[in-house]
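A quick write-up on the structure given underneath.
The structure displayed is predicted, hence computed values, not measured ones. Chain letters run A, B, ... following the sequence lines, proteins first and then strands; every chain starts at 1.
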Amino acid sequence: MTKHRGRGIASINYPIGMNLGGDPSQALVHSNPSGKFTVSLSSIDLGQGMKSVTRQICAETLGVPVEDVYVDTADSDTGPHCMGSFASRGTHRVGNAVMAAAKEARGVMMEAAAEELEVNAADLETDGRGNIQVKGAPHRSISTKDVAIAAQFRQGKTISGRGIFLVPLSDVDPETGEMSPATCYAHACLVAEVEVDDETGEVAMVRMDSAYELGRALNPRLVEQQLVGGAWMGVSHALYETTEPYYPDSSHGPRDFVEYLMPGPGDICPHDIAVLERPAADGPFGAKGPGEMCANPALPAVANAIFNAVGVRIDELPITPEKVLRAIKAQGGARSQPRR
Amino acid sequence: MLELRKDIFADERDDNLKEIGKGTQRQDMLGHVTGTSTYFDDHKLQGMLHLKTVRSTHSHARLRRIDTTDAERSPGVRRIIRGADVPRNLNTLLSLINFGIDDEPSLAVDKVRYKGEPIVAVVADSPREAYEAMARIRIDYEALPSVFDVEEALKPGAPVVNETYPKNTFTYYDKYDHQKLRFGDVERGFGEADHVLEQRYQMSPIEHAPTETNGSIAAPDTNGRYVVYTSTQALFFSVDTCAKILDVPSNTFHFIGGTVGGGFGGKVDTITEPLAILGAMLTGRPVRYMLGREEEMQYGPPRGAERIYIKDGVMRDGRVVARKVRAYFDSGAYTRLSSYAAVKCAAHLPGPYTIPNVYGDVYCVFTNRTPATAMRGFGVTAMDFAIECQMDKLANLVGMDPMEFRILNAYRDGDMKAHRREAKNTALIECVQVAAEKSKWPLRDQFKRASSRKDGGGSRAVIPPTPRDADAQRAAALQQRTTYDRAPAAAVREAPPASQPSPPPPPRPQAPSHGAARFSSVFGTRRR
Amino acid sequence: MPVTVKTFATSGEAAAALSSDRGARYLGGGTLVMRALNEGDIAISTIVRASDHALMRIDAAGSRVTIGAGVTFAKIIAERDLAFLHAPARSIGGPAVRNMGTVGGNLFASSPYGDFTVALLALDATVAVQSGLGAREVGIEEFLQSRERQAGLVLSISCQKPASADAFRYRKITRIKPKGGSVITLAAHLPTSSGRIVGARIALGSMAPTQLRAKSAERALEGRPLDATTISAAAAAATEGTSPTDNALASAWYRREIVGVHLRRLLSGQE
Amino acid sequence: MSKSALQFLHNGREVAIFVDGGTSLLVTLRELIGDMTPKFGCDQGGCGACSVLIDGELHLACLTLAETVSGRAVETLDGLKDGPNLHPLQRAFADNFAAQCGYCTPGMLMAAKALLDRNPSPTRADVVEAISGNICRCTGYEPIISAVLVAAAGGRTRA
C-alpha cells in the first residue's frame, strides 16, 4: 500500500484587536432628507466585508432596514480616523464605533419623531421596516422619511451621530509580560483528514470538520466566506506556501504564480463547519472577529494528520512532499498510527 | 457547509434581532460581479507618469557610487529620485505609536541591507521608458557579509544588518533584547513533570499574494493638496506615514481607498505611497507606482519566518505543568511590524491552555532579507502551529486521545492567563466538543460533559510565585531535540541545565517604556 | 524607445527579419515574449510576426503528423487525429494559456515550462527551421541542445503517430491541480513488435536544464516485454544521466527520488 | 513614435485607436479604451485577472499584443450584462457569495463564460479545469465552483 489516510486536530484561540498602542476607530452616521443613512468611515474593505457588516450593525442599531443604509469607506477627507483593517479589529472595533454613532443618530431621530407625533421619545420604537411607532399603538406611527424631512426642514435637527470605540493603551511589564493585549478571544477546533503517498511524500486533503466560536455571526454568509477561504489559506500555508523554499538559504524564491504554490481548485476538499456564538461582553451584538483566526488551526491539524497517517512529524513549514518523503525514509517506511 | 449551533451558549445571547444574523447580500457584490468596484488602479488620470524603482542586487552592500546622469537623459524620463530627495529619508512604521526607532530609508543611500531594497526611483512617461532609464543607472556596490539565520545573527561577531540595532535584535523597553513572559516557575515545573519534551519548529516566509499588488496613484489636486488613490489596508497609517516622510502636514493629502483587491496584512506598510506622492510633487503630474508580481512576491513584505523552541513538562495523567518557549521572529532588514508581533506572540503564550508555569522569550531579529510585516494571524499563526503540534506529541507521549488531552488542559472561565489577566468568555472546550461531534470522533462522557463555564478559577485563578530572572537559573540555550513519539514513557526527561553564574539583575525601570506606546499620530505628538 | 512590430506574409521574410536584428523576437502565442516585455526586458526592440497560414496547419491524416509551429494547444486538443497529444496539450497552463501558447513556443520555454516538448522528445519529433539559408529539418534532441543558439524561425514539428494509444504515455507531476508547474514531466513511447519493446523512448522534463532522454531506462526496456521486472529495471535506471536542479517547485534530491517511482507508475498504468 | 492604427470590436462596439508598439491588450483596454473590468494581477499570464474572450475564446489580455486583435471581437466583463440585467453567471456568483475582494471576479466570470458557451452542462471537474488559470486568494474556490454549476443548472440550486 502506498497511500495512507490519517486525521489530526488542533484547537486554538485568537485575540481580537491589538491594543498595545491604543486601538481606536471612529464612525460618522447621518441621514439624508429622505431618511436614508450614510455611514462614513476611513476603514478599508479588502474583501472581508467591512462595508457589509457595518451596514447591518448600523441598520440594526438605528432600527431601519438594511437597504436604508449605505457605507462609504476609506476617504481621509470624509471618514474619521480608523487604525486600519488588520488584527481582526474590523468587526469589533469599527463595528462598535458604528454602533455608537448609530445610537446617537437614533436618539435624534426618535426625538424628532416624538416631536412630530407629540409623544415622549421614550414611548417610541422602531419597527425595523422604516417606521417609528408608539409602543403598544402601532397605528400611531411615522416613517423615517417623514421624520427626516421634519427634522431637516421644520425642526432644524441633524439626524446624525458620532462614534468612537477605543480600547485604551495597555502598557507591558517588561519583566513579566503582564499586559492586556485584547479584550476578547475567538476560538476554534479543526479536524483535518489527509491522504499521504509514502513513495512520493505527496499529501492530499480529504476533508475538514471544524467548529469556530465567534461571539456572534453578524452575517452567517460573510462568516462562511471567511471560514471557508481562511481554512483554504491555512492548508495552503501548511502544505505549499513559502517565498524562500530553502529558508534560511534565500535562493530560488518564487517569481510568479507557477512558482509560488497555493492549492488550486482541484486540490480543495469538503469542509463542514459549525459556528458557536458566545457573545463577547464588549463586542457589537457580542461579535468577535473571524477574519484571521480561521486560518490558524488548519496548519497544525494537517501536520498532526500526516503523523497519524504515516508516523512522521514535520515541524518545518511548509510540509512539502520532500520533507515528508525524507522523514518516511529516515523512519524506514510509513508507520500508520491507530486510526482515529 | 456552515451550521449555526444556536443551542450552545443560548442563555448568554439575545437573538431577538432584525438585521443582525441575516445572510444579507454584500453591499459591494453588485460592483464585484459587474466589474464596477473601483480599485486604486482603476483611476485614469490625464498625463499619468509611471514610477519604478531600481532595487539592490545584493543582500548586503555598501553603496560606493550611484550614477544616474545617463539615465536622466534617457527619453521619456521626467525625474530620477534619490534618497537625498526624500525629505525625511528614515522611518519606522510604528513610530506612529511611538514604538521603535526610525531605521528604514525610503531609498537606500549609503548601504543596502536586503536584496531588492529600493535605491533609485525613476519617473517616466511609460513603463518601457522607465525600464530603459533604469538600465542606464550605474550602481557600484561593495559587497558585505550577510546573515540569513536568526540564531546566527544573534551570535557575537555576526554581520550587523541594521546599525540602528547593532545586536541584530529589536530593543524592548530600552534595555531588553527580547520580549519576556514570566508566570510561575517553569524549572520547578519541569522538575516535577513525568515527561519533559523539547522541540524545534520552523516556518519560512509567506507571501500574502493578494490578486491586486500593492500600489498607489498620487496626483496634484487643485488646491495645493495631493489626491492619493491607494491599496492601503490602513488609511490613516498611510496618511501619517507619508506626512512624516515627506515632512508636510497630514491634511496635505486626500487619501481615497477602501476597495482593495485583497490584503491579508501585506498592504499595511505604506511602501508605494511616499514615493508616488514625492514623484507627483517633483513632476507636478499624476504618478502611478504599482508593484509588479515578482516585486510583490520577493520584495513586498512577507509574513516573517519564525523559529520556535518549546519545552514542556507533562504529567502522566495528561496535565501540562510547565511550558517554556523561545521564539525568534525573522524581521528581515528593518523593523516594520515584527517588533509588535513579538509582543503579541508573548501575550498569546502558552496558547489556550491553563498551564501553571509559563516562560517565554520572544526575539525580533534582523537578517539580510526582505523586511517582514503583518499577515492574517499576525504573531500567532506560527506559534499555534508549534503549540498544537507539540500538544499532539504530548498527548501521544502520555497515551491520551488528542481531543481529550486538549479538553483536559483547556483554559476555562476564571482561570489566570500567563499575561496575568483573568480568562473570560472562553469556549475552547465547546469548539473541541462540536468538532468531535461533526467529525464523528469519539469522546468519553466526562469530556463530553466538560464546560468552559465549569471548574475554572479557584486555585487556577492564582498568579503563582514567579522567580525574578536574576534569581532564577539562567537557562542555557537548550536546543537539542529529543525523541518523543516512540520513546518509552518517562524516558525523555532531560538532564537539568548546567548551572551558570547568574548575570546581575537589570535595573527595573520606573514605568514600562518602549519609547512607550502612546498612540499619538494623526494626532498630536509624534514623539515624546 | 517603443517596440517596433513587424508583420510578414511569409515565414521566410520573418526568418530573415529575425536574423538581421539582434533585438528582434518572434511572437507566437505571446506567453513568453509579451511576459518578457511586460517585465521590462528592454533587449527586445522588435517583435516579428508572420501571418503565414502554413504555421497554423495541422496535417494529421497519415501515419506521420506535421503540426505548424503556430498551432495552439487548444487546437491540438480539438483535433481528433492528435489524440495521442491531448494529454500533453492539456497539461499546459489553464484554458487561456492553451488558447494562446503554441507548439513552436513551447520548444523555447525553459524550466519549469516546456512540458509539451517532453512529449515531442519521446516521439522523436523533427523540427523544421527556416533560416536565411532556407528551411531544414533537425532532430528534436539536436534542436534542444542548441536551441539558445538557434537562428531562424521554427516552422513546424513532425513525428510518427504511435501505433496504439497504449504505446505513448505522458504524465506531468505537479504540486497544484489541475494547473501547476512541473515537478517532473515524463513521456514514454513504447512501440512493440511481437510483444517486445522496440525503439523505446523515455523523455523527462525538469530533470536537467533542458528536456532530456532517459537513455539508460530506454535500454532497460529495449527488446523486452513490458512486465514488472522490465518496469522495475527501467525505473531503477531513470535517474542515470540526469542532472536536475533545485527550484521553487522541488529540489534536485526530490526529483531524483521520485522520477523512478513515477516512471514505474506510468509504465505499469498505475495512477 | 511608432504608433499603429488598430480597429476591433469591443463588446460589440467598433473601436479605432492608435497604439504604441508592444502595448498589451490589457493596457489598451484599460488605458486607451477605459474599460477597467480586466484587472492587472501579474502581467505574467499567471493569475487570470485580465481574462477576456477573443472571438469567443478565453485569452489573457496581458499577454496579448494589441495588434493581434485587429478586426477581431473582444469581450470583457463590461459587456456581460444584457442592458441592466445581470448575466446568469453574475447572478449565480452574487447568490453564492462567490466574491470577496472582487479583484479576480472579472477574470473568473469570463473564464466561466468561456466554459458555459461551449459546454452548457459542465461537470464539477469541467468547472475546476475551466477556472484553473485564475487565482483567487480569498474564497478557497468552492463558492466559485458552486456558482458556475448553479448558473449552468439555470440558477435552480444552491450547491
Fill in the blank from the handout: Value for CG (B:Leu337) from CZ (B:Phe378), rounded to nearest 0.5 Å, stands at 5.0 Å

Exercise for the section: Would you please go through residues 55-77 of chain D and name the residues with a non-hydrogen atom below 4.5 Å from one of chain B, in numerical order? Expected result: D:Leu77

Handout entry: Identified side-chain hydrogen bond (donor to acceptor under 3.5 Å, both in side chains) counterpart of B:Arg336 within the set B:Thr373, B:Thr370, B:Asp269
Key = B:Asp269

Practice task
Could you check if a side-chain atom of D:Pro122 sits within less than 4.5 angstrom of a side-chain atom of D:Leu116, using non-hydrogen atoms only?
Solution key: yes

Completion exercise
Interatomic distance, CZ@D:Arg13 vs CZ@D:Phe8, rounded to 0.5 Å, equals 10.0 Å

Problem - Proximal component of B:Ser37, with respect to chain D [non-hydrogen, under 4.5 Å] - result: backbone

Exercise for the section: Please look at D:Cys42 and chain B and tell me whether the side chain, the backbone, both or neither of the residue comes under 4.5 angstrom of a heavy atom of that chain. Expected result: both

Problem - Any B:Pro220 side-chain heavy atom under 4.5 Å of B:Tyr226 side chain - result: yes

Practice task
Using non-hydrogen atoms and a 4.5 Å limit, figure out which bit of B:Met297 sits close to chain D: side chain, backbone, both or neither.
Solution key: neither

Exercise for the section: Could you check which of D:Cys104, D:Gly107, D:Ala94 has the highest count of heavy-atom pairs closer than 4.5 Å to chain B? Expected result: D:Ala94

Practice task
Select, from D:Met108, D:Lys81, D:Lys39, the one with the greatest count of heavy-atom pairs under 4.5 Å involving chain B.
Solution key: D:Lys39

Practice task
Heavy atoms only, distances under 4.5 angstrom: which of B:Thr213, B:Asp28, B:Thr34 has the most pairs with chain D? Name it, please.
Solution key: B:Thr34

Exercise for the section: Would you mind checking which part of B:Leu30 comes under 4.5 Å of any heavy atom in chain D, side chain (CB onward), backbone (N, CA, C, O), both or neither? Expected result: side chain

Completion exercise
Okay, D:Leu89 and chain B: the region with an atom under 4.5 Å from a heavy atom over there is neither

Exercise for the section: Find out whether B:Leu49 and B:Leu51 are in side-chain contact, i.e. whether some heavy atom of one side chain is under 4.5 Å from a heavy atom of the other. Expected result: no

Exercise for the section: Quick one: which of D:Glu142, D:Gln100, D:Arg91 has the most heavy-atom pairs under 4.5 Å with chain B, could you say? Expected result: D:Gln100

Problem - Worked check of salt bridge (charged side-chain N to carboxylate O under 4.0 Å, His left out) between B:Arg293 and D:Asp43 - result: CA-CA 7 Å; B:Arg293 182 53 65 182; D:Asp43 244 8; over 6 Å; no

Problem - Any side-chain heavy-atom pair of B:Lys52 and B:Pro127 under 4.5 Å - result: yes

Fill in the blank from the handout: Comparing B:Met290, B:Arg128, B:Glu296 against chain D, the one with the most heavy-atom pairs below 4.5 Å turns out to be B:Met290

Fill in the blank from the handout: Looking only at D:Pro38, D:Ala99, D:Pro106, the option with the highest number of non-hydrogen pairs under 4.5 Å against chain B is D:Ala99

Practice task
Tell me, for D:Glu31 versus chain B, whether the close heavy atoms (under 4.5 Å) come from the side chain, the backbone, both or neither.
Solution key: both

Exercise for the section: Might you confirm whether atom NZ of B:Lys115 has over 12 heavy atoms from other residues, nucleotides or ligands at distances under 6.0 Å? Expected result: no

Fill in the blank from the handout: Between the CD1 atom in D:Ile131 and the CD1 atom in D:Ile145, the distance rounded to the nearest 0.5 Å is 5.0 Å

Exercise for the section: State, with a plain yes or no, whether a side-chain heavy atom of B:Val227 is found less than 4.5 Å away from one of B:Asp221. Expected result: yes

Fill in the blank from the handout: Whatever's closer than 4.5 Å to a heavy atom in chain B on D:Leu109 counts as side chain

Handout entry: Stepwise side chain to side chain contact (heavy atoms under 4.5 Å, CB included) test for B:Thr381 and B:Ile206
Key = CA-CA 11 Å; B:Thr381 302; B:Ile206 283 175; over 6 Å; no

